[in-house]
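Input: a single structure, listed below in structure tokens.
Residue numbers start from 1 in every chain, and the chains themselves are labelled A, B, ... in the order their sequence lines are given, proteins ahead of strands. Everything numeric here is computed off the predicted structure, so don't read it as measured data. We use all heavy atoms of the structure for the numbers below, so side chains are in, but hydrogens, waters and symmetry mates are not.
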Number of protein chains: 2
Amino acid sequence: MENKECRKNYRTRQQDSIENYFRMNPGVCVTADEIYMYFFNEGEKIGKATIYRCLDRMVESGGVKKFLSDSGEGATYQLIDGDKGCDRHFHLKCTRCGAVIHMDCEFMDEFERHIMEHHRFRVDNGRTIIYGLCEECADARSGAALKE
Amino acid sequence: MENKECRKNYRTRQQDSIENYFRMNPGVCVTADEIYMYFFNEGEKIGKATIYRCLDRMVESGGVKKFLSDSGEGATYQLIDGDKGCDRHFHLKCTRCGAVIHMDCEFMDEFERHIMEHHRFRVDNGRTIIYGLCEECADARSGAALKE
DNA sequence: ATTAAAATTGATAATCATTTTCAAATTTCC
DNA sequence: GGAAATTTGAAAATGATTATCAATTTTAAT
């Protein structure tokens with residue numbers, strides 16, 4: 001009954017470990033299996049089911065973002081950095097190099113307002129990922145096209 | 001060698017059937033399995049592997065759009081209607097009821113232009129799906145929240 | 001038309017990410 | 001402390017998608 005006030009979001013060793021893993025590798029975007037292998041190599045055994053469950057919980061609570069993969073390579077997960085406001089802004093993901101651009105911009109408020117007013121739809125920017133090509137990849141693609 | 005000139009995009013019975021299915025049910029958004037079951041019930045047997053292959057080809061050629069599902073319920077496919085400009089516009093998908101709204105609107109040109117100019121990113125509207133809540137589901141969610 | 005070559009089909013098996021199960025371990029809370 | 005609730009994890013189950021490969025169909029040339 002002593003430490004009721006010092007509650008953390010993730011309470012078990014496994015939950016802590018996974019959250020720490022994200023914090024120690026800021027910005028990483030990993031699959032459940034990569035997390036599993038990481039801890040396996042570290043000698044810390046965490047079951048796959050547990051990893052999936054923890055990730056689900058973190059996604060549910062809004063602490064982690066889940067990216068669907070185009071073909072079935074398994075979803076990737078990324079920590080949402082509250083300082084960076086990842087829960088509010090949009091994410092642009094390059095389908096070629098995988099880079100994720102955090103798009104924090106008042107234009108998106110206008111975007112959301114437009115969709116709400118004209119299309120009667122409440123955008124969930126936490127779940128939405130805008131796919132496309134970053135500048136380098138767009139250039140590379142054009143360059144490759146010239147050779148074809 | 002007689003009918004060389006009358007070439008279609010999809011040449012086999014199965015390919016024709018699948019394309020016809022889409023054309024006869026404009027706007028449907030179905031899984032590979034739903035297509036399989038449809039033909040199974042019609043008495044026309046098309047193998048699952050063939051359905052996946054046909055859909056892949058149609059997606060590849062740009063005739064059909066593939067939506068990834070949030071959790072692993074299987075991808076859904078939808079015919080791209082050239083008349084409606086589905087190859088240009090965006091799709092809003094309700095995470096609660098699954099409804100897909102086709103958003104054809106000059107505002108999105110502005111959206112793309114903004115992202116290109118200010119974030120140096122070329123949006124792929126064919127791949128992007130904007131998630132959120134449609135009006136009914138947003139209302140239902142609010143209603144449910146009152147009871148909790 | 002025949003026919004050889006190329007492409008497609010489909011039944012089945014294989015893959016592989018994710019989920020379920022359920023008993024054991026851990027945590028919570030009185 | 002100890003009961004109740006939650007979480008873990010190993011293994012099995014699930015389920016969508018892909019690979020295999022012989023048989024069928026289509027294509028294109030004879």
Could you tell me the separation between the [atom1] atom of [X] and the [atom2] atom of [N], rounded to a whole number of Å?
X: A:Arg53; N: D:dA11; atom1: CZ; atom2: C1'; answer: 12 Å
X: A:Glu34; N: C:dA17; atom1: CD; atom2: C1'; answer: 13 Å
X: B:Ile51; N: C:dA11; atom1: CD1; atom2: P; answer: 11 Å
X: B:Lys48; N: D:dT17; atom1: NZ; atom2: P; answer: 10 Å
X: B:Arg13; N: D:dT26; atom1: CZ; atom2: C1'; answer: 14 Å
X: B:Gln15; N: C:dG10; atom1: CD; atom2: C1'; answer: 14 Å
X: A:Tyr36; N: D:dA11; atom1: OH; atom2: P; answer: 10 Å
X: B:Met37; N: D:dA16; atom1: CE; atom2: P; answer: 12 Å

OP1 or OP2 of [N] less than 4.0 angstrom from a side-chain nitrogen or oxygen of [X], does that happen here?
X: B:Arg57; N: C:dA7; result: no
X: B:Gln14; N: C:dG10; result: yes
X: B:Thr12; N: D:dT26; result: no
X: B:Tyr52; N: D:dT18; result: no

Checklist entry - Within 45° of the ring axis of A:Tyr36 and under 6.0 Å from its six-membered ring centre, is that where the NZ or CZ of A:Lys48 lies? => result yes
Next on the checklist: Applying a 4.0 Å non-hydrogen cut-off, can you work out what B:Lys45 is touching in the nucleic acid: base, sugar-phosphate, or nothing?
Outcome noted: sugar-phosphate
Checklist outcome for this item: Sorted by position of nearest nucleotide on DNA chain C, 5' first, the leading residue of B:Gly47 and A:Ala49 is B:Gly47
Next on the checklist: Please report the interatomic distance NE2(A:His91) to OG1(A:Thr128), rounded to the nearest 0.5 Å.
Outcome noted: 11.0 Å
Checklist entry - Salt bridge between A:Arg113 and A:Glu117, side-chain N to carboxylate O under 4.0 Å? => result no
Checklist outcome for this item: Result for 5'-nearest mapping on DNA chain D, choosing between A:Ile46 and B:Tyr77, is A:Ile46
Checklist outcome for this item: The single option from A:Arg120, A:His119, A:Arg122 that satisfies side chain to side chain donor-acceptor pair (under 3.5 Å) with B:Glu135 is A:Arg120
Item to check | Parallel, tilted or perpendicular: ring planes of B:Phe107 versus A:Phe107, cut at 30 and 60 degrees | outcome: parallel
